[in-house]
Student: 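This is the structure, below, for whatever I ask next.
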Amino acid sequence: MATEITLEVARYRPGVDSEPVMQSYQVPLREHWAILDGLTYVKDHLDGTLSFRWSCRMGICGSCGMTVNGEPQLSCATFLTDYAPGPIRVEPLHNFPVVRDLVVDIDDFMTKLPKVKPWVVREVQSPVEEGEYLQTPEELDEYQQFSMCINCMLCYSACPVYSLEPDFLGPAAIALAQRYNLDSRDEGADERRDVLSSPEGVWACTFVGECSAVCPKGVDPAGAIQRYKLTAATQSIKELLMPRISRRLNSRSQG
Amino acid sequence: MSVYQRPVHLLWWLERRAYVLFVLRELSSVFVAWFVVFLLLLVNAVSDGTASYQRFLDWSGQWWVVAINVVAMLFVLLHVVTWFGLAPRAMAIKVRGRRVPAQQIVAAHYLAWLVLSAAVAWLVLR
Ligand code: SF4
Ligand code: FES
């Protein structure tokens, strides 16, 4: 096996480059090295000006998302040997403004996320002395998959709707809304409804399904969105047929 | 601060296989609509009597109408197969507290398709 592999890395220096230019680096091809290790090698030994984000190195923090050979990947969980003999093309995540080299600006997601109130909403908070809100394993099962999201933005990067329609709330934000809607302790489904069923919410999604294909955590945001479409549609029909009763029932029957 | 925004080019959907499939699936709606129009024309011809029905048959026997219909059928099949494949993602059905597995939901869709087709065939061929 070769002892080295070529990384073709997109460089963008604001104020200097008008668009990214590719730069090649030779890095050692070690069995346990991820793309991120290759980039760290470049930064430590070859070119200290290369910028990229990372933190945990173990697929938990969600900060190392990059486009590797055209596919959105966590660079800490994608191994050099899988791409041998190379070269490996490393670019910033698509669909986000590039700040520098491999660093993208995810402010758009950060402003959208709180709109879906991703926390447990209670009509009346019970006092601490009453203890915790209990939940059965079955109830946990209802939303657990959607709670695995690490905000890595790979799904936004893979979503053509988001690239064509930047106002789209997007896969992870909707999956996280569903994470709380389906939580037995939550009473906020009604409050999330306007945002979710707006044109920029679930209805903008055309079910390309790539968000779920690239998600490193098996969240299945596409599934979350389609399920909410069904919920929203069923609710509208119910309200049309029996306006008074359904409003009250709605807050408890999401899914 | 100057940031770089990657432009979206016209052929973005050729970038990934999944995008191509998606665009084809969206395109298939046009052919679904065409079949509806074709059916309405047929019903209209039948209701106008034997002569007009015969004219409709002659018209639809022409090579280019047959060609359109063959292409339309392929697209409608693509539409059906892809949508049925996606159905379990939208439907989280529970029976006695257990989530129904995806394959069973897909199977139920195909079964319903078969039953409906059989019913239509029976109605028409009877
Ligand atoms: S849904 Fe998956 S791909 Fe999207 S941000 Fe969360 S973990 Fe990443
Ligand atoms: S560095 Fe944390 S997910 Fe990759």
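Note on naming: letters A, B, ... go to the chains in the order of the sequence lines (proteins, then strands), and numbering restarts at 1 for each one.
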Student: Where on Glu19(A) is there a heavy atom nearer than 4.5 Å to chain B: the side chain, the backbone, both, or neither?
Tutor: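 Both parts, backbone and side chain.
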
Student: Should Glu71(A) and Arg16(B) count as side-chain neighbours, where that means a heavy-atom distance under 4.5 Å?
Tutor: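 Sidechains of Arg16(B) and Glu71(A): in contact.
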
Student: Output the option from Leu230(A), Asp220(A), Val104(A) having the highest count of non-hydrogen pairs under 4.5 Å with chain B.
Tutor: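 Top option by heavy-atom pairs under 4.5 Å: Asp220(A).
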
Student: Count the heavy atoms of every other residue, nucleotide or ligand shown that sit under 6.0 Å from CH2 of Trp63(B), and state whether that count exceeds 12.
Tutor: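 Open.
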
Student: Take atom CE of Met148(A) as the centre, draw a 6.0 Å sphere, and report whether it contains more than 12 heavy atoms from other residues, nucleotides or ligands.
Tutor: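 Open.
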
Student: Please name the pair of heavy atoms, one in Tyr12(A) and one in Val3(B), separated by the smallest distance, quoted to 0.1 Å.
Tutor: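 So the minimum-distance heavy-atom pair works out to OH-C, 3.5 Å.
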
Student: Of all of Asp17(A), Val208(A), Asn95(A), Asp141(A), which one pairs up most often with chain B through heavy atoms under 4.5 Å apart?
Tutor: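 Top count of heavy-atom pairs under 4.5 Å with chain B: Val208(A).
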
Student: Would you mind reporting whether Ser163(A) and Trp12(B) have side-chain heavy atoms less than 4.5 Å apart?
Tutor: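 A side-chain contact is absent here, since even the closest heavy-atom pair is not under 4.5 Å.
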
Student: What part of Thr206(A) lies closer than 4.5 angstrom to a heavy atom of chain B: side chain, backbone, both or neither?
Tutor: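 For Thr206(A), the contact with chain B is made by backbone and side chain together.
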
Student: What distance do Thr67(A) atom OG1 and Arg6(B) atom CZ have between them, rounded to the nearest 0.5 Å?
Tutor: 7.5 Å

Student: Tell me, side chain or backbone of Tyr4(B) under 4.5 Å from chain A's heavy atoms, or both, or neither?
Tutor: both

Student: Please determine, among Gly209(A), Gly70(A), Ala158(A), Ala224(A), the option with the most heavy-atom pairs under 4.5 Å with chain B.
Tutor: Ala158(A)

Student: Would you say OH of Tyr53(B) has more than 12 non-hydrogen atoms from neighbouring residues, nucleotides or ligands within 6.0 angstrom?
Tutor: no

Student: Using non-hydrogen atoms only, which part of Ile225(A) is less than 4.5 Å away from chain B: side chain, backbone, both, or neither?
Tutor: neither

Student: When rounded to the nearest 0.5 angstrom, what distance separates OG in Ser2(B) from CZ in Arg100(A)?
Tutor: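 Reported to 0.5 Å precision, the distance equals 10.5 Å.
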
Student: What class does the angle between the rings of Trp83(B) and Phe207(A) fall in, given that below 30° is parallel, 30 to 60° is tilted and above 60° is perpendicular?
Tutor: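 Correct class here is perpendicular.
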
